[in-house]
Amino acid sequence: MKIIVAGTGFVGITHAAVCSEYGHEVYAYDVDGEKLAAYESKQRERIHHYVNETGLPEIIAENAGRYLFFVNDLVPVIEGVEAIFLCLPTPPKTNGSSDLSYYFKALGDLAPLLAGRKDQRRVLLINKSTVPVGTARQLGKFLDERGVRNFGIASNPEFLPEGDAVEKSRRPDRIVVGADTEEDFSICRRIYSQFVNHVRIHYIETTPETAETIKYVSNTLLLTYISFWNGVGARIGETFPNVRMEDMKRGVTSDGRISTWGSYVSNGAGGSCFGKDIRSLIYQLKNHGQRADLLESVYGINEYQKSYLVDRAVSEAGFSFNQKTVALLGLAFKKKTNDMRDASSLKVAEALLAKGVREIRAYDPMAIAEAKRYFDPGQNHLFERISYHGSVAEALQGCECVFISTDWEEFRGLSRAVEQHLRPGGLILDGRRMIPDYGYLVKAGFHYIAVGSPHLGPA
Ligand SMILES: NC(=O)c1ccc[n+]([C@@H]2O[C@H](COP(=O)([O-])OP(=O)(O)OC[C@H]3O[C@@H](n4cnc5c(N)ncnc54)[C@H](O)[C@@H]3O)[C@@H](O)[C@H]2O)c1
């Protein structure tokens with residue numbers, strides 16, 4: 001099938017690449033020419049600079065020029081197209097509602113091309129972006145008013161987790177398609193033919209509105225579960241003596257009805273979707289006169305969690321950050337990605353700078369280039385106090401405190417590096433419970449505060 005994928009960010013390029021693997025003729029379209037040139041170069045580093053996903057450069061290298069084409073002009077490719085996937089940004093506005101301006105800008109550009117097609121075969125616009133409930137229908141009206149004929153609209157939300165995008169795109173848990181007509185469902189079935197009768201993958205056909213809600217309910221439920229462990233589990237572990245979080249987790253999740261996924265405590269969940277989607281759903285419900293108390297609490301718990309260890313350092317260990325040097329280990333919002341959107345590290349750095357630290361010595365195996373964009377001294381002169389380092393040991397040099405913010409595997413063996421490089425009597429703030437042998441460090445004279453445990457210090 002001839003397919004256009006509009007928007008080649010994380011969602012779009014992964015989807016375009018995997019669709020091309022199945023032999024569709026895919027035109028990946030973006031307004032960002034540099035990004036397209038990077039994909040077209042087939043060079044791993046250049047591709048990873050934009051989307052750091054295992055396996056993506058290989059699929060692009062294999063299929064570019066055969067089944068996968070990069071275009072920044074749709075005029076030459078619009079004839080004969082059967083499906084157009086919309087993978088466009090829908091960032092939050094300050095009031096939490098979704099900003100659909102990128103989305104409607106792209107559609108405004110597409111409309112005259114679709115209206116002017118010589119070949120007026122049915123074309124299906126398939127929405128993969130996360131958009132407020134009712135947007136698919138709004139989109140239909142928008143195109144209809146601009147003279148586009150013989151088109152359908154489908155909602156096909158994307159559930160990819162960053163870090164495992166290619167794998168999950170090849171083997172998703174489910175494909176959800178919301179459409180209005182049999183003709184439109186059948187276009188999607190042809191696109192996703194390898195999944196339609198799959199024994200393990202749920203292929204769900206429903207209304208466009210239901211498909212839109214499935215995305216919001218999924219993401220907010222996941223964040224609710226994470227926030228339950230943070231807002232209840234962590235508080236219990238920090239309050240009552242002798243509570244072991246890891247045993248609590250195993251005991252609770254031995255019940256088959258309770259998920260093991262997300263049953264950990266941490267300094268909050270970041271990424272481009274959780275915060276944005278929960279805020280959007282809160283806005284949508286309240287905009288219709290509904291209450292959204294649970295969602296508001298979940299959002300609040302998650303935001304609080306991101307940097308609250310900085311306050312615990314002061315209240316429980318009597319630590320003063322003023323003029324101190326602090327190592328910040330982990331900048332990406334989670335391991336295996338360089339993505340820093342809504343990362344907890346952003347709030348940690350902000351909290352540390354507000355407390356007057358002299359220097360933040362940052363290390364992350366993948367996200368340093370990205371971090372430099374976020375911590376731009378041109379935007380905030382305090383960011384001049386952040387320096388970047390090539391290893392844990394280097395970041396720890398001369399520090400009185402270390403904050404572990406991302407769950408990179410290499411941080412699990414930190415005890416030795418801390419003992420060797422953190423100043424004697426220094427403070428470890430463990431946002432990810434990465435140091436199982438913390439008792440050893442406490443004996444060696446360090447202070448240790450982890451999410452879910454009380455402050456431990458030398459006797
Ligand atoms: N990132 C995730 O983990 C994830 C997962 C599931 C769903 N989503 C949703 O998918 C959507 C896209 O997310 P993303 O992370 O891929 O975003 P992104 O910002 O990484 O990519 C969006 C791309 O769209 C391009 N673009 C902007 N305006 C355009 C236009 N007029 N025409 C063509 N291209 C244009 C941008 O240049 C960019 O390359 C969002 O709604 C997001 O909520 C994201």
Side-chain angles (χ1 to χ4, degrees), residues 4-18 27-39 47-53 56 70-75 77-78 84-93 96-111 113 125-133 135-136 139 155-169 172-176 211-212 214-220 222-223 269-281 332-334 336-343 370 373:
I4 290 171
V5 176
T8 63
F10 169 78
V11 169
I13 189 60
T14 309
H15 184 62
V18 171
Y27 294 87
Y29 163 68
D30 206 292
V31 287
D32 184 340
E34 285 180 23
K35 193 179 273 192
L36 293 176
Y39 297 148
I47 296 170
H48 275 176
H49 171 72
Y50 288 103
V51 178
N52 200 331
E53 289 293 332
L56 184 63
F70 300 101
V71 294
N72 63 0
D73 180 7
L74 289 178
V75 175
V77 298
I78 200 77
I84 303 179
F85 282 94
L86 304 168
C87 307
L88 300 157
T90 52
K93 290 188 191 168
S97 65
S98 302
D99 177 357
L100 295 179
S101 58
Y102 295 92
Y103 189 84
F104 280 101
K105 164 80 178 69
L107 288 164
D109 294 344
L110 260 173
L113 303 186
L125 284 101
I126 308 172
N127 193 23
K128 275 206 163 293
S129 299
T130 305
V131 287
V133 184
T135 304
L139 162 60
S155 169
N156 169 218
E158 183 55 73
F159 301 97
L160 288 184
E162 292 194 24
D164 286 315
V166 169
E167 188 48 36
K168 278 288 182 186
S169 193
D173 307 317
R174 77 283 219 198
I175 299 283
V176 175
E212 287 164 344
I214 288 172
K215 176 65 191 178
Y216 280 109
V217 175
S218 299
N219 262 5
T220 54
L222 292 174
L223 188 59
S272 67
C273 292
F274 281 149
K276 160 176 98 67
D277 293 350
I278 199 166
R279 287 180 70 210
S280 177
L281 187 56
F333 86 90
K334 68 175 182 183
K336 297 206 280 182
T337 178
N338 62 347
D339 194 341
M340 283 193 59
R341 290 181 283 186
D342 244 353
E370 200 59 9
R373 288 201 310 117

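As the structure lists them, so they are numbered: ligands from 1, and atoms in each ligand from 1.
- The contact set between ligand 1 and Lys35, taken as ligand atoms under 4.0 Å from a residue heavy atom, comprises 38 (C), 39 (O).
- Contacts between His15 and ligand 1 below 4.0 angstrom, taking non-hydrogen atoms only, are absent altogether.
- With Leu86 as reference, Leu139 is the one residue of Leu139, Asn156, Ile126, Val11 to meet the side-chain contact (heavy atoms from CB on, under 4.5 Å) rule.
- Taking every heavy atom of Tyr29 and a limit of under 4.0 angstrom, the matching atoms of ligand 1 come to 32 (N), 33 (C).
- Scanning the protein for heavy atoms near atom 30 (C) of ligand 1, the closest one is Val31 CG1, 3.7 Å.
- For the residue pair Thr90 and Ser98, no side-chain donor N or O sits within less than 3.5 Å of a side-chain acceptor on the partner.
- Close contacts between ligand 1 and Glu162 involve ligand atoms 1 (N), 2 (C), 3 (O) [criterion: under 4.0 Å to a heavy atom].
- Here the protein heavy atom with the shortest distance to atom 27 (C) of ligand 1 is Pro89 CD, 3.7 Å.
- Scanning the protein for heavy atoms near atom 19 (O) of ligand 1, the closest one is Arg341 NH1, 3.9 Å.
- Close approach to Gly9 involves these atoms of ligand 1, each under 4.0 Å from a residue heavy atom: 16 (O), 18 (P), 20 (O), 21 (O), 23 (C), 39 (O).
- Interatomic distance, Thr220 OG1 to Leu281 CG, rounded to the nearest 0.5 Å: 5.5 Å.
- Of the protein's heavy atoms, Lys276 NZ, 2.6 Å lies nearest to atom 43 (O) of ligand 1.
- Looking only at atom types and distance, the side chain of Thr14 has no donor-acceptor partner in the side chain of Lys168 under 3.5 Å away.
- A donor-acceptor distance shorter than 3.5 angstrom exists from the side chain of Ser218 to the backbone of Ile214, with no hydrogens or angles considered.
- Of the inter-residue distances, the one linking Leu74 atom CG with Tyr29 atom OH reads 5.0 Å to the nearest 0.5 angstrom.
- Those atoms of ligand 1 with a heavy atom of Glu158 less than 4.0 angstrom away are 6 (C), 7 (C).
- Counting only distance, with no hydrogens or angles, the side chain of Ser97 and the backbone of Lys93 share no donor-acceptor pair below 3.5 Å.
- Residue-level proximity to ligand 1 for Cys273 is carried by the side chain, the only part with a heavy atom below 4.0 angstrom.
- From Glu212, atom CD reaches atom OG1 of Thr130 across 10.0 Å, with rounding to the nearest 0.5 Å.
- Residues satisfying the side-chain hydrogen bond (donor to acceptor under 3.5 Å, both in side chains) criterion with Tyr103, sequence neighbours excluded, are Asn127.
- The backbone N or O of Thr8 sits less than 3.5 Å from a side-chain atom of Asp30, completing a donor-acceptor pair.
- Heavy-atom proximity to atom 13 (O) of ligand 1, evaluated over Leu160, Ile4, Val11, is greatest for Val11.
- Of the protein's heavy atoms, Leu88 CD2, 3.4 Å lies nearest to atom 35 (C) of ligand 1.
- Residue-ligand proximity, Lys215 to ligand 1, at heavy-atom distances under 4.0 Å covers atoms 6 (C), 7 (C).
- Note: an N/O pair closer than 3.5 Å links Thr130 and ligand 1 by distance alone.
- A donor-acceptor pair under 3.5 Å links the side-chain atoms of Glu53 to the main chain of Ala165, judged by distance alone.
- Side-chain N or O atoms of Lys334 include none that pairs as donor or acceptor with a backbone N or O of Gly270 at under 3.5 Å.
- If you check which protein heavy atom lies closest to atom 31 (N) of ligand 1, you get Ala106 CB, 3.5 Å.
- The option from Asp109, Thr90, Val5, Asp30 that lies nearest to atom 36 (C) of ligand 1, judged by heavy atoms, is Asp30.
- Near Phe10, the atoms of ligand 1 lying under 4.0 angstrom from a non-hydrogen atom of the residue are 1 (N), 2 (C), 3 (O), 15 (O), 16 (O), 20 (O).
- Near Ser272, meaning under 4.0 Å from any of its heavy atoms, are these atoms of ligand 1: 1 (N), 2 (C), 3 (O).
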